[in-house]
Amino acid sequence: MIQQRSGLHFLLLIALLAGSGVLLAHAQVPFPGQCPEVKVMEDFDVEAYLGIWYEYSKYPFSFETGKKCIYANYSIIDSETLSVVNGGINRLTGNPSSISGTAKVLGPARLAVAFYPGQQTTKANYLVLGTDYESFSVVYSCTNVASLTNIKFAWILTREREPTAATIAAAKQILADNKISQSPLIETQQSNCPKLE
Ligand SMILES: *[C@@H]1O[C@H](CO)[C@@H](O)[C@H](O)[C@H]1NC(C)=O
């Protein structure tokens with residue numbers, strides 16, 4: 001009996017390790033060195049940016065692993081705060097879920113998005129590198145984790161679930177202008193998604 005149980009625990013441990021290995025491998029993209037300088041939108045218009053954006057592609061991010069049909073909904077709370085709702089559908093179960101947070105507007109095109117109580121909002125973790133407000137947005141975040149490593153995130157958001165090739169080319173040009181690698185970008189499934197109201 002005891003042996004059976006420890007056998008089971010061993011199997012569970014293996015499963016957990018395998019699971020976390022998968023998560024780690026998908027968690028984030030580390031780069032050598034400090035975060036590089038990037039150029040954010042100078043004349044960023046928050047109001048024009050509001051509303052629904054669909055996630056076209058992003059750097060791997062464990063938090064959203066296994067989701068499809070991912071979208072964000074930005075709306076005004078007050079002059080320096082936005083409401084952020086990120087939603088998506090579990091690829092295995094088909095269940096929709098969403099998480100609500102806020103974004104402090106720290107400066108033009110520099111937002112601090114927070115989803116958890118107590119999460120700091122003094123450092124911008126959502127930089128808008130470029131958007132035309134009507135078809136695409138390129139969002140970037142970089143954090144120094146030690147003196148010799150940084151973790152980067154990049155997203156291409158689009159106003160349509162299935163944007164044109166020209167829209168994606170325009171977004172990728174902004175990444176190229178900022179020397180941000182496109183190779184970690186993973187496309188988000190946006191086909192066969194329910195229509196948002
Ligand atoms: C987006 O947010 C606005 C403001 O809260 C809300 O009225 C609207 O219904 C939301 N849209 C979706 C699709 O959730």
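These numbers come from a predicted model, not from an experiment. Ligands are counted one by one from 1 in listed order, and the atoms in each one are counted from 1 as well.
You'll find the ring centres of Y49 and F44 inside the 6.0 Å limit.
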Under 3.5 Å, side-chain donor or acceptor atoms of residues 101-111 against the rest of the protein: list the pairs with distances, not counting sequence neighbours.
from	atom 1	to	atom 2	distance (Å)
K104	NZ	T81	OG1	3.1

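Only the side chain of I52 comes within 4.0 Å of ligand 1, judged by heavy-atom distances.
Residues Y74 and S83 have side chains that never bring a donor and an acceptor to within less than 3.5 angstrom of each other.
To the nearest 0.5 angstrom, C193 atom SG is 11.0 Å from Y71 atom OH.
Set against the non-hydrogen atoms of S75, the atoms of ligand 1 under 4.0 Å away are 4 (C), 5 (O). Those atoms of ligand 1 with a heavy atom of N73 less than 4.0 angstrom away are 1 (C), 2 (O), 3 (C), 8 (C), 10 (C), 11 (N), 12 (C), 14 (O).
Looking only at protein heavy atoms, the nearest one to atom 13 (C) of ligand 1 is E197 O, 3.3 Å.
The shortest side-chain heavy-atom distance between E187 and Y56 falls under the 4.5 Å cut-off.
Using a 4.0 Å threshold on non-hydrogen atoms, atom 7 (O) of ligand 1 does not count as touching the protein.
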